[in-house]
Amino acid sequence: MKERLRTCVNSALKRCYAEGSLNSGEYPHFVVEIPAHSEHGDFAVNIALALARAEKQAPRKIAEILVAALDGGDGLWDRLDIAGPGFINFHLAQNCWYAVLDEIMSQGERYGCSEVGGGAKVQIEFVSANPTGPLHIGHGRGAATGDAAARMLAAAGYDVQREYYINDAGNQVVILGRSIWMRLRELCGVTIEFPEDGYHGDYIRDIAVKLRAAQGDAPLRLAETEAIEVCGRFGMEYVITWIERDLQAFGVRFDNWYSEKSLYDRDLVQTELNTLRDKGLTFEQDGALWFRTTAYGDDKDRVLIRSDGIPTYFASDVAYHMEKFERGFSRVIDVWGADHHGYVPRMKAVLEGLGHEPDDLRVLLIQMVNLLRDGQPVAMGKRSGEFVTLRDVIDEVGSDACRYFFLMRRSDSPLDFDLELAKQQSNDNPVYYVQYAHARVCSINRTAAELGMTVPTAAQVDFTALQLPEELSLAKLLARFPETVAGAAENLEPHRVVYYLQELGTLFHSYYNKCRIIGDDPTTSHARLYLVNSVRIVLANALGLLGVSAPERM
RNA sequence: GCGCGAUUAGCUCAGCUGGAUAGAGCGCUGCCCUCCGGAGGCAGAGGUCGCAGGUUCGAAUCCUGCAUCGCGCGCCA
């Protein structure tokens, strides 16, 4: 709709230049926007203001000339106004809004999708929690956000791959292995002193029990290093399976699980380091190999290979990110905890150093989640490693509420998550409110069916029966859905869809409360049934983008 | 100390990338059930958009400085 108006305005401007009524020849950037107040029409265009300087005329005067040059737009609008400092306001014909309803019904679950992505290959890497323990609530927010962003990118016409990066190469595998080994020995009656830097969670004991069930005390007869390796490998596989299962319960799946270790197995880390060296971007100092990231705006240089010869995590990250681009992705997205924000400049430096645009990598930072119960913070002993796990929260409030709450705020803003509110089955709980709107339409459909009515086709509907302001407002809001999705995808801001849902839910409940859908007049009933089912489709599609279900009954 | 991010209604937060009279939810006050699901709806009160400058037709939005808060600054991963 906006684009159609933009085209009309541009061709009107072209006509003015041809006729000589305007003569700067400029085609300035201008916006087509939905005004805050309905008296200002359905769309407002600020081109006259943008042109004022070049034309050296008052904006309102320019607007008059442009309006004179705008033809009927094929009946797209009823009326044009010039208002305020020189806005051109478009009052669209009602048929435009009725056409939207038809479009929604015929596109069904595809409504909201667009082609703005143009099929570009995008990769989004998220969660990527260390496979040394369960997912906690912070990972959950990253999972919900990454997954919703992926769904929105796909809907906006991108070719999306979801990837989980497994940190299975570093020292942590050894620590995990040693922790399990210790617990295993303990189980077998050996008196142990548990290492301070080990993983203290109870799940380590569980893993030791599982390992013992699978392999008996065989690992204990091995030399220490070998035993730790065996325990580490077993533990990591166990934890990854565990993580995968929790994510599945959360409705999150990955296309690819990418092993850090595989980078070393294929010698990719060394290859990339050689490339950096050949480009003269590295230097040696104090026996270590450094990347001169300061050349690209980082505040200090970074170590790639430590003086003891062991590559840093940064080194494999360099290789990993370069390999992403070699796999053909034109855009790469990382979802990180906000406490890692200091790593952004060095990764951008890597890209720039190796010939990519820094903007080819986008980092989505996820802020902290504060768990609350009745408004009081839930104690999380950070020291003891006693995080509240994602699984605990899913079990308590359900996957739907959990995901919805994680997505309610923009991701770079800290989030208060009230467990009691998330469980509540009332209008105070935003997810119930929106799901209820969907269930309510389904309920209306059931009532209609009992009366022998089915949802009509567009041809059977007399749209002119929809004259109430609420009905037109609903149609206009439904029309905004595709651009809302595209905007949310482009900016990686799933919360926009949440706000959209809230608005749509409110408008629908209000409409429902004000007038009967199924009444005495069949013409009106059919038209309203058609309208509320358009609403139902958009509610379902929007909830789907969040990974939240749209129940028919509650 | 340096860097990044924040600061909008009593509370929690949006604000479509510079537009017209700044919005929502919760809370508060007052209303609405012969009705397709009241798990709902309507109305009202509530703001110097942290402070001070600047940029321009126009600023919550962009720039500079200051204040307050959060996070990050390892040859850890």
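What you see is a predicted model, and the numbers here were worked out from it, not measured in a lab. Throughout, a chain's letter reflects where its sequence line sits, starting with A, and its residues are numbered from 1.
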Suppose you measure atom C1' in B/rA22 against the same atom in B/rC69; what distance do you get, rounded to whole Å? 24 Å
Using the ring of A/F291 (Phe, Tyr or Trp, six-membered ring only), decide whether A/R346 places NZ or CZ under 6.0 Å from its centre and within 45 degrees of its axis. no
Considering every strand and a 4.0 Å limit on heavy-atom distances, what is the contact class for A/P414: base, sugar-phosphate, or nothing? sugar-phosphate
Hey, what's the ring geometry for A/H495 with A/Y499, parallel, tilted or perpendicular (30° and 60° as the breaks)? perpendicular
Give the nucleotide from the list B/rC36, B/rC13, B/rG23 with an atom nearest to the side chain of A/R516. B/rC36
Atom-to-atom span, OH of A/Y432 to C1' of B/rC26 - whole angstrom: 19 Å
Under 4.0 angstrom, heavy atoms only, what part of the nucleic acid is A/C442 near: base, sugar-phosphate, or nothing? nothing
Checking the side chain of A/E33 only, and the main-chain atoms of A/V45 only, is there a donor and an acceptor separated by less than 3.5 Å? no
Mind checking A/A44 for me? I need base, sugar-phosphate or nothing, with any heavy atom below 4.0 Å counting as a touch. base
May I ask you to say what A/E450 touches in the nucleic acid, namely base, sugar-phosphate or nothing, with a heavy-atom cut-off under 4.0 Å? nothing
Find out whether the Lys NZ or Arg CZ of A/R536 is both under 6.0 angstrom from the six-membered ring centre of A/F508 and within 45° of the ring's axis. no
When the distance from OH of A/Y404 to P of B/rU12 is rounded to whole Å, what number comes out? 20 Å
First encountered from the 5' end of RNA chain B, between A/S411 and A/Q425: A/S411
I want to verify a distance call: between B/rG41, B/rA20, B/rC57, whose nearest atom is closest to the A/H40 side chain? B/rA20
Determine whether more than 12 heavy atoms belonging to other residues, nucleotides or ligands lie under 6.0 Å from atom CZ of A/R4. no
Under 6.0 Å between ring centres: does that hold for A/H91 and A/F43? no
Considering every strand and a 4.0 Å limit on heavy-atom distances, what is the contact class for A/S443: base, sugar-phosphate, or nothing? base
Nearest-Å distance once atom C1' is located in both B/rC42 and B/rC51: 40 Å
So if I take residues 473-482 of chain A and measure heavy-atom distances to RNA chain B, which residues fall below 4.0 Å? none
Nearest-angstrom distance, C1' atom, B/rA24 to B/rA14: 7 Å
Does A/R410 make a side-chain N or O approach to OP1 or OP2 of B/rG15 shorter than 4.0 Å? yes
cation_pi(A/R440, A/Y512) dist<6.0 Å, angle<=45: yes
List the steps, then state whether side chain to side chain donor-acceptor pair (under 3.5 Å) holds for A/H321 with A/D334. CA-CA 10 Å; A/H321 281 81; A/D334 286 357; 2.5 Å; yes
Taking only the side-chain heavy atoms of A/S510 (C-beta and beyond), determine which of B/rA24, B/rC36, B/rC42 contains the nearest atom. B/rC42
Closest non-hydrogen atom pair between A/P358 and A/K348, with its separation: O-NZ, 3.0 Å
A/Y511 (side chain) donor-acceptor with A/I517 (main chain) under 3.5 angstrom: no
Separation of B/rA20 P from A/N89 CG (nearest whole Å): 12 Å
Decide ring pair (Phe, Tyr, Trp, His ring centres under 6.0 Å) for A/Y164 and A/Y258; before the verdict, give the C-alpha distance in whole Å, the side-chain angles of both, and the deciding distance to 0.1 Å. CA-CA 6 Å; A/Y164 188 116; A/Y258 195 100; over 10 Å; no
Return the nucleotide paired to B/rA9: Watson-Crick means purine N1 to pyrimidine N3 with N6-O4 or O6-N4, wobble means G-U with N1-O2 and O6-N3, both under 3.5 Å. none
Nearest to the side chain of A/D428 - B/rC26, B/rG19, B/rG25? B/rC26
Roughly how many Å is it from CG in A/L501 to P in B/rA14, rounded to a whole number? 17 Å
For a quick check of understanding: with a heavy-atom distance under 4.0 Å over all strands, which category does A/S413 fall into, base, sugar-phosphate or nothing? sugar-phosphate
Between the side chains of A/Q367 and A/D412, is a donor N or O closer than 3.5 angstrom to an acceptor N or O? no
Take atom CD of A/Q57 as the centre, draw a 6.0 Å sphere, and report whether it contains more than 12 heavy atoms from other residues, nucleotides or ligands. yes
Relative to each other, are the rings of A/W77 and A/F90 parallel, tilted or perpendicular (30° and 60° limits)? perpendicular
What is the distance from OH of A/Y512 to P of B/rG41, rounded to the nearest Å? 12 Å
State the pairing partner of B/rA60; accept Watson-Crick or G-U wobble contacts with both distances under 3.5 Å, and report none otherwise. none
Give A/A448 one of three labels, base, sugar-phosphate or nothing, depending on what nucleic acid heavy atoms sit under 4.0 Å from its own. nothing
Between CZ of A/F43 and P of B/rA20 the distance, given in whole Å, is 17 Å
Specify whether A/W336 and A/Y343 have parallel, tilted or perpendicular ring planes, treating 30° as the upper limit for parallel and 60° as the lower limit for perpendicular. perpendicular
How does protein contact run along nucleotides 70-77 of chain B, one letter per nucleotide 5' to 3', with B for base contact, S for sugar-phosphate only, - for none, heavy atoms under 4.0 Å? -BSSSBBB
Measuring to OP1 and OP2 of B/rG41, would you say a side-chain N or O of A/Y433 lies under 4.0 angstrom away? yes
Nucleotide opposite B/rC28 in a Watson-Crick or G-U pair, distances under 3.5 Å: B/rG44
For A/M408, report the nucleic acid contact type (base, sugar-phosphate, nothing); a contact means any heavy atom under 4.0 Å. nothing
Both A/Y511 and A/V45 contact RNA chain B. Which one's nearest nucleotide lies toward the 5' end? A/V45
Protein-nucleotide distance (A/L407, atom CG; B/rA14, atom C1'), rounded to Å: 15 Å
When all nucleic acid strands are considered with a 4.0 Å heavy-atom cut-off, which category describes A/D298: base, sugar-phosphate, or nothing? nothing
Could you tell me the separation between the CZ atom of A/F30 and the P atom of B/rU17, rounded to a whole number of Å? 13 Å
Pairing nucleotide - B/rC75, Watson-Crick or G-U, each distance under 3.5 Å: none
Members of residues 488-500 of chain A that approach RNA chain B, where some heavy atom sits under 4.0 Å away: A/N491, A/H495, A/Y499
Under a 3.5 Å limit for both distances, which nucleotide forms a Watson-Crick or G-U wobble pair with B/rU21, could you say? none
Any strand is fair game: report the nucleotide pairing with B/rG70 by Watson-Crick or G-U wobble, both distances under 3.5 Å, or none. B/rC4
